[in-house]
Structures are given as C-alpha cells and as structure tokens.
A.B. asks: 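Okay, here's the structure, questions in a sec.
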There are 2 protein chains.
Amino acid sequence: MTSGAETEAPRRRSDATRAAILAAARDRFAADGYERATVRAIAHDAGIDPSMVMRYFGSKEDLFAAVIDVELDFPDPSGIDRDAVGVLLVRHFLELWERDGVLRTLLRVGVTNAAGADRLRDVFRTQLVPMARELGHGAADAERRAALVASQVLGMALVRYVLALEPAAGLSHDDVVAWLAPTVQRYLTAEAP
Amino acid sequence: MTSGAETEAPRRRSDATRAAILAAARDRFAADGYERATVRAIAHDAGIDPSMVMRYFGSKEDLFAAVIDVELDFPDPSGIDRDAVGVLLVRHFLELWERDGVLRTLLRVGVTNAAGADRLRDVFRTQLVPMARELGHGAADAERRAALVASQVLGMALVRYVLALEPAAGLSHDDVVAWLAPTVQRYLTAEAP
DNA sequence: AGAGAGAGTCAACAGGTGTTGGCCTACACT
DNA sequence: AGTGTAGGCCAACACCTGTTGACTCTCTCT
C-alpha cells in the first residue's frame, strides 16, 4: 500500500508498532488459523510485549476484526465485457490471493471462526453477487451463479494455498486461468441447465 | 477399518462406549475443528468421563486419527463410462459428503491440522488420481486434472457444508449435478487448453 | 461365594491461554 | 531544567487444556 493520502508524516511512533502488530497478526492467522495463532506469538513476531497487543486492539477478537477489515478492491462490475468476465475474474482473484495475506487469512480462519465466515459471506454478497446481477440475471439466479463461482474460486484457493496440494500449488497463473476461466464464464453467462 | 477377523458378536460392552466416543468425536471435530473440539466436550457428548477417552484412544491426536481412518469407498475407477464420469463423480461426492460426517470433519480440520491435511491429500492421491489415469492421461497430466476436479468438488463442499453460503447450501442435488458435472467432465476428458 | 478383571469416576497435575495492572523509561514541551 | 505523558515491559491473574493415577463399582468365571 503506497500511502498517498497522508500528507503529514506519521507523528506518533506508535503507528509503526500498530502496523507491525497488524502485519504479524495477518501472517500468523493465515499460517495457523485463529486458535493456534496466539497473542504471544503475534507479539513476538512484532517484537513487542503481548500486553501491547491488548492496549492497541483491546482483545484478540478485535485484533482479528481489524485484520480482516481491509479493503479488497474488486474490479468495477459496471460495464464489464460480457465475454471476458471469466478470464478477468480468475486473473483478478489470483492476484488478490497472492498480493497480501488477507484473503488467505480469511479462508483459513473462516472455516472455524464465525467472524471470519461472516466476512467471507460478506465479500461474496457485496462483490460477486452484484457482478452476476450486472450480467442481467434476476436476484435469485444471480445469487446462485455467484455461489457457483465462489465454489470454484474458493476451491482452487483451498487446494492451492491452504492444502498446498502439489499439482495445484505448482500451476502457473496462465494454466489456472486457461482451465478455470471457462468454468467461471459458464457459471456466469451460460443458460441455466 | 472393517474388522473382518472377528466373526463373533461384540462381546465386550466397552465396544459400545468406544463407538459412542468415535461418533461424538466425529461430530465435534466436524462442527468445531480440531482445537475447539475439546476432549471434555467429546466425553460429555458420549456420556462418559474425559479420562475414558484417553484410556480408549491414548491421546486426542490418536482419537482424531481413528476418526479419519474409516474407509471412504469410492466408485471403482476401472471400466467407468468415459462420457458419464462427470455426473457419476459429482453425484457420488454429494452422497459421500452427506452420508456420515467424516469428509466434513476432514475438510474442516484439514485446514488447520497437519494430520487432517495429510489424509485429505491421501484421499486425493489414492482415489482421484487413479481415476484420471484410468481415462488415459499420463502421470503429470492426470495429477493436474485430478487437482482441478478436487478444487471444484472441495470448493462446493466448502461453500455448502462449511461456510453454509446460503444459495449454495440450499441447492438440490440435481441442481448441483447439472452445474458441476460438465465442469468435472471437462477437467477429466477435455483436451488440455 | 469369592476373586479378579473390566469399566468407569474423581480429583489433581503441569502447562498454555487471553487478559490485567503496576511500574519504568525516554521523549516533547514549557 | 523540570515535568507530563505516550510507549513499553514485567509479573501475575484466572481459566481452560490434555493427561495421569488412585480409587470404586459391577459383572463374570471358577
């Protein structure tokens, strides 16, 4: 993230610590899941005392909420090329998954933690469903198609980043796009079977 | 493990307890994941003392190993109908997911627990890869195709049973088959892109 | 009937967890 | 220079975890 908005320099030196805690927490949650990512381990990674985590974020749960509260700029659904939406979406997801660890964190934690699952459903509802609606489907149909897309995209993320199932984890971006884009394209634009 | 050696009826009344613990553990692991499924909670569900869990299974880890050690009879890969493999596989998976909770347990735990992830990779390697090979693909290609199938099938299980993403969770079996079977069919039999 | 083992309970342990409050230190401002 | 305060550490708390060993009950076999 290049901070272009802030014209003033970071006055408080606490800002650096706060950022360090957030980064350490993101990585630990992504690597270990919610329960096994201990406050002590996160504090150790950030180079500070565990009690500082509480002072800055209140509780472990609030810290996790702060981690998953970042923006996940999806492509603008309005005016997308109807025939290229599959390629566009798969490529975009690959970049999103690999840029920072937020989506990986979300997936790993969402499986056991209610707040994580909520946020995941939220991403689905505010990003994927509008895109399906933009392609001209009614409300119920759009939700169904968005869910199908989610199943394929999340499934690939699962085998690739969480389970690290070897052949999937080693596929190039182009390979993934070549195989998955037609699937996503069909889920979004093909006639209902 | 089907105990083929014992021809006699279950003599010991401990067998009932053992089964009760296994069932309670399966459900708790599936519902809460590995860490949050405590030995105390499992024992409570099974109606016995926590120490009995240890006496019967040695440790929590061994208990989990026993839970995921059950057979998951997949369809015989030899002599399958090449053009119907998509429908066959998706329908079979739906039944497998909903019959007992083992696969759901595996998915939920596999995300944070190494043993669960191992077993999941094992299922993939011993069941899905041979099926791809049976369809005439070389070793590397078969693994790639099997991984693609796994991504779609596990992804649907994820949104449907773990995240309970509403439109997906409410789809009928026929709907799921109608949408997913062509995807799986393409991953297994279409020419590589 | 008596003995022995199988099945089960109880209470406690050692270690790890999130969380809290008191104390120290170093900097910024007057 | 003196002082207030933000930033940080330390030690402890209450609780929960997996796990253990001693004890009791109850059936079965001789």
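All values below were derived from every heavy atom in this structure, side-chain atoms included, with hydrogens, water molecules and symmetry-related copies excluded. A, B, ... follow the sequence lines: proteins, then strands. Residue 1 opens every chain.
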A.B. asks: In whole Å, what is the span from the NE2 atom of H44(B) to the C1' atom of dT9(C)?
C.D. replies: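 So the two atoms are 16 Å apart, to the nearest Å.
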A.B. asks: Could you give the CZ-to-P distance, from R36(B) to dG18(C), as a whole number of Å?
C.D. replies: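 Checked: the CZ to P distance equals 14 Å.
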A.B. asks: For R91(A), is there an ion pair with D174(A) - N to carboxylate O distance below 4.0 angstrom?
C.D. replies: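 A salt bridge is present here (some side-chain N lies under 4.0 Å from a carboxylate O).
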A.B. asks: Hey, what's the ring geometry for Y161(B) with W97(B), parallel, tilted or perpendicular (30° and 60° as the breaks)?
C.D. replies: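 Rings of Y161(B) and W97(B): parallel, as their planes differ by under 30°.
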A.B. asks: In whole angstroms, how far is the C1' atom of dT17(D) from the CD atom of E61(B)?
C.D. replies: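 Checked: the CD to C1' distance equals 15 Å.
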A.B. asks: Can you list every pair that meets salt bridge (charged side-chain N to carboxylate O under 4.0 Å, His left out) and has a residue in residues 123-135 of chain B, with sequence neighbours left out?
C.D. replies: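 Passing the test, one end in residues 123-135 of chain B: no pairs.
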A.B. asks: So, is T17(A) near the phosphate of dG7(D), with a side-chain N or O under 4.0 Å from OP1 or OP2?
C.D. replies: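 False: T17(A) side-chain N/O out of range (4.0 Å or more) of dG7(D) OP1/OP2.
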A.B. asks: Relative to each other, are the rings of F29(A) and Y34(A) parallel, tilted or perpendicular (30° and 60° limits)?
C.D. replies: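 F29(A) and Y34(A): parallel rings.
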A.B. asks: Can you check the R18(A) CZ to dG8(D) P distance for me, whole Å?
C.D. replies: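 Taking atom P of dG8(D) as the reference, CZ of R18(A) is at 12 Å.
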A.B. asks: Within residues 47-57 of chain A, find the residues that approach DNA chain D with a heavy atom at under 4.0 Å, and present them sorted by residue number.
C.D. replies: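 Hits under 4.0 Å, by residue number: I48(A), D49(A), S51(A), M52(A), R55(A), Y56(A).
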A.B. asks: What is the separation between atom CD1 on I21(A) and atom P on dT19(C), rounded to the nearest whole Å?
C.D. replies: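 Computing the I21(A):CD1 to dT19(C):P distance gives 14 Å.
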A.B. asks: Between dT17(C) atom P and E35(A) atom CD, what is the distance in whole Å?
C.D. replies: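 Spelled out: CD on E35(A) to P on dT17(C) is 12 Å.
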A.B. asks: Output the rounded distance in Å from CZ (R40(A)) to C1' (dA11(D)).
C.D. replies: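 Rounded to whole Å, this separation is 11 Å.
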A.B. asks: Any ion pair linking R18(B) and D15(B) (charged N to carboxylate O, less than 4.0 Å)?
C.D. replies: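 Salt bridge: no.
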A.B. asks: Taking atom types as modelled, is there a side-chain donor on R160(A) or S151(B) under 3.5 Å from an acceptor on the other?
C.D. replies: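 S151(B) and R160(A) do not have a side-chain donor-acceptor pair below 3.5 Å.
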A.B. asks: How many whole angstroms separate atom NZ of K60(B) from atom P of dT19(D)?
C.D. replies: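 In whole Å, dT19(D) P and K60(B) NZ are 8 Å from each other.
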